[in-house]
Participant: 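First the structure, then my questions, so here it is.
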Amino acid sequence: MKVHERIDGRLREFIEAQPMFFVATAPNGPGGHVNVSPKGMAGTFAVLGELRVAYLDYHGSGAETTAHLDENGRITLMFCAFQGPPNIVRLHGHGRTVPVTAPEFAELLPLFETPPDTHGVRSVIDVTVERVSDSCGYAVPLMTYDGDRDLLVRSHERRSDDDLAEYRRKKNAVSIDGRPIFNA
């Protein structure tokens, strides 16, 4: 394993080339559930600086990442090479949720150069990276990338802004551990 001072050069190229990454968060203390979520869709992740990244968070059945970030801010993003030379890159840091209802959301959205339809985005997860490391990834299997699924975007196309707000109120009001999340 090697620790790097920043995201630049080959690390940045590697991260930006990955069609999928994983997000891990956890609540404070020994109780509650650790959450790990796969993320993807071209254009939904952006390197915003040498120690800052962000991704578009679409409406979904859970919002554990937001619950944990609201509680303690801790987050790890992991990128794996499933094709080409083996590599794993981890970005450890502190994140924050910028909901679609926040004025800053409109400022962050243009930082994503080629996102799919953004109508279904519920927030931007903005991460200040404190540790950048890579490791061998020798045991990560080789897999082919056939393309992005369009089901998430299509499922939100038929919902109005009011429908999405209602979705957040009903399905994203609390985390699986009972922590309040989206209430607007």
Participant: What's the shortest heavy-atom distance between Val140 and Cys80, and which atoms?
Facilitator: CG1-CB, 4.3 Å
Participant: Find out if a path of hydrophobic residues (ILVMFWY) with successive side-chain heavy-atom gaps under 4.5 Å connects Val23 to Val47.
Facilitator: yes
Participant: Counting only N and O atoms by type, is there a donor-acceptor contact under 3.5 Å from the side chain of Glu64 to the main-chain atoms of Ile176?
Facilitator: yes
Participant: Measure the spacing between CG of Asp8 and CD of Glu5 and express it to the nearest 0.5 Å.
Facilitator: 9.0 Å
Participant: Same cluster or not: are Phe112 and Leu77 linked, directly or through other Ile, Leu, Val, Met, Phe, Trp or Tyr residues, by side-chain heavy atoms under 4.5 angstrom apart?
Facilitator: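 No, Phe112 and Leu77 fall in different hydrophobic clusters.
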Participant: Quick one, Lys39 and Phe22 - any side-chain contact, counting heavy atoms below 4.5 Å?
Facilitator: no
Participant: Could you tell me whether Asp150 and Arg154 have a side-chain N and a carboxylate O separated by less than 4.0 Å?
Facilitator: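 So Asp150 pairs with Arg154 through a salt bridge.
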Participant: Can you see whether Glu130 engages His94 through a side-chain donor-acceptor pair at a distance of less than 3.5 angstrom?
Facilitator: yes
Participant: Do Gln18 and Val89 come close enough that some side-chain heavy atom pair is under 4.5 Å?
Facilitator: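 No, side chains not in contact.
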Participant: So, for Gly137 and Pro86, which heavy atoms are closest and what is the spacing to 0.1 Å?
Facilitator: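 Looking at all heavy atoms of both residues, the shortest contact is O-CB, 3.4 Å.
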Participant: Can you tell me if Asn35 uses its side chain to pair, donor with acceptor, with the backbone of Ala24 under 3.5 Å?
Facilitator: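 Checked: no pair found.
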Participant: Mark yes when over 12 heavy atoms from residues, nucleotides or ligands other than Glu157 sit less than 6.0 Å from its CD; otherwise mark no.
Facilitator: yes
Participant: Counting N and O atoms only, with roles assigned by atom type, does the side chain of His4 sit under 3.5 Å from a partner on the main chain of Arg131, one being a donor and the other an acceptor?
Facilitator: no
Participant: First locate atom OG of Ser123, then atom CZ of Arg96, and finally report the distance between them rounded to the nearest 0.5 Å.
Facilitator: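 Going from the OG atom of Ser123 to the CZ atom of Arg96 covers 11.0 Å.
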Participant: Evaluate the ring planes of Phe21 and Tyr55, with Trp represented by its six-membered ring, and classify them as parallel (under 30°), tilted (30 to 60°) or perpendicular (over 60°).
Facilitator: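 Rings of Phe21 and Tyr55: perpendicular, over 60°.
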Participant: Grab the two heavy atoms, one from Pro38 and one from Met20, that are nearest each other, plus how far apart they are.
Facilitator: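 In this case the closest contact between Pro38 and Met20 is CB-SD, 4.4 Å.
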Participant: Phe14 and Phe45: same hydrophobic cluster, using ILVMFWY side-chain contacts below 4.5 Å?
Facilitator: yes
Participant: So do the side chains of Thr65 and Asp57 get within less than 4.5 Å of each other, counting heavy atoms only?
Facilitator: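 In short, these two side chains do not touch, never coming nearer than 4.5 Å.
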Participant: What are the two closest heavy atoms between Leu164 and His59, and how far apart are they?
Facilitator: O-NE2, 3.6 Å
Participant: Which atoms form the tightest heavy-atom contact between Asn87 and Ser135, and what is the distance?
Facilitator: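 Here Asn87 and Ser135 meet closest at OD1-O, 3.2 Å.
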Participant: Is there a chain of hydrophobic side chains (I, L, V, M, F, W, Y, each step under 4.5 Å between heavy atoms) that links Leu51 to Leu108?
Facilitator: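 Shared cluster, no.
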Participant: So, Thr118 side chain and Val121 main chain: donor-acceptor pair closer than 3.5 Å or not?
Facilitator: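 Such a contact is absent between Thr118 side chain and Val121 backbone.
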Participant: Quick one: do Tyr58 and Val53 end up in the same hydrophobic cluster if we chain Ile, Leu, Val, Met, Phe, Trp and Tyr together by side-chain heavy atoms under 4.5 Å apart?
Facilitator: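 No, no single cluster joins them.
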Participant: Is the side chain of Arg74 donor-acceptor paired with the backbone N or O of Pro27 at a distance under 3.5 Å, no angle test?
Facilitator: yes
Participant: Is the backbone N or O of His33 less than 3.5 Å from a side-chain atom of Asp177, with the two atoms forming a donor-acceptor pair by type?
Facilitator: yes
Participant: Is Arg52 salt-bridged to Asp126, going by a charged N under 4.0 Å from an acidic O?
Facilitator: yes
Participant: Taking all non-hydrogen atoms of both residues into account, name the closest pair between Tyr167 and Ser61 and its distance.
Facilitator: OH-N, 3.5 Å
Participant: Are the side chains of Val124 and Leu56 in contact, using a 4.5 Å heavy-atom criterion?
Facilitator: yes
Participant: Hey, is Asp134 close enough to Arg10 for a salt bridge, meaning N to O under 4.0 Å?
Facilitator: yes
Participant: How many angstroms lie between CG in Asp161 and CD in Glu166, if you round to the nearest 0.5 Å?
Facilitator: 13.5 Å
Participant: Do the side chains of Ile125 and Val98 get nearer than 4.5 Å, heavy atoms only?
Facilitator: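 When only atoms from C-beta onward are counted, Ile125 and Val98 do not touch, as no gap falls below 4.5 Å.
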Participant: So, does Ser155 use its side chain to make a donor-acceptor pair with the main chain of Leu152 at under 3.5 Å?
Facilitator: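 Yes, the answer is positive, given that a donor and an acceptor are paired below the 3.5 Å cut-off.
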Participant: Kindly indicate whether the side chain of Val132, heavy atoms from C-beta on, has any atom under 4.5 Å from the side chain of Arg90.
Facilitator: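 No, side chains not in contact.
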Participant: Out of the candidates Thr25, Asn28, Ile181, Thr97, only one should pair with His68 under the side-chain contact (heavy atoms from CB on, under 4.5 Å) rule; please name it.
Facilitator: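 The option that passes is Thr25.
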Participant: Report yes if the side chains of Leu111 and Leu109 come closer than 4.5 Å at any heavy-atom pair, otherwise no.
Facilitator: no
Participant: Quick check: do Thr144 and Gln83 have side-chain heavy atoms less than 4.5 Å from each other?
Facilitator: yes
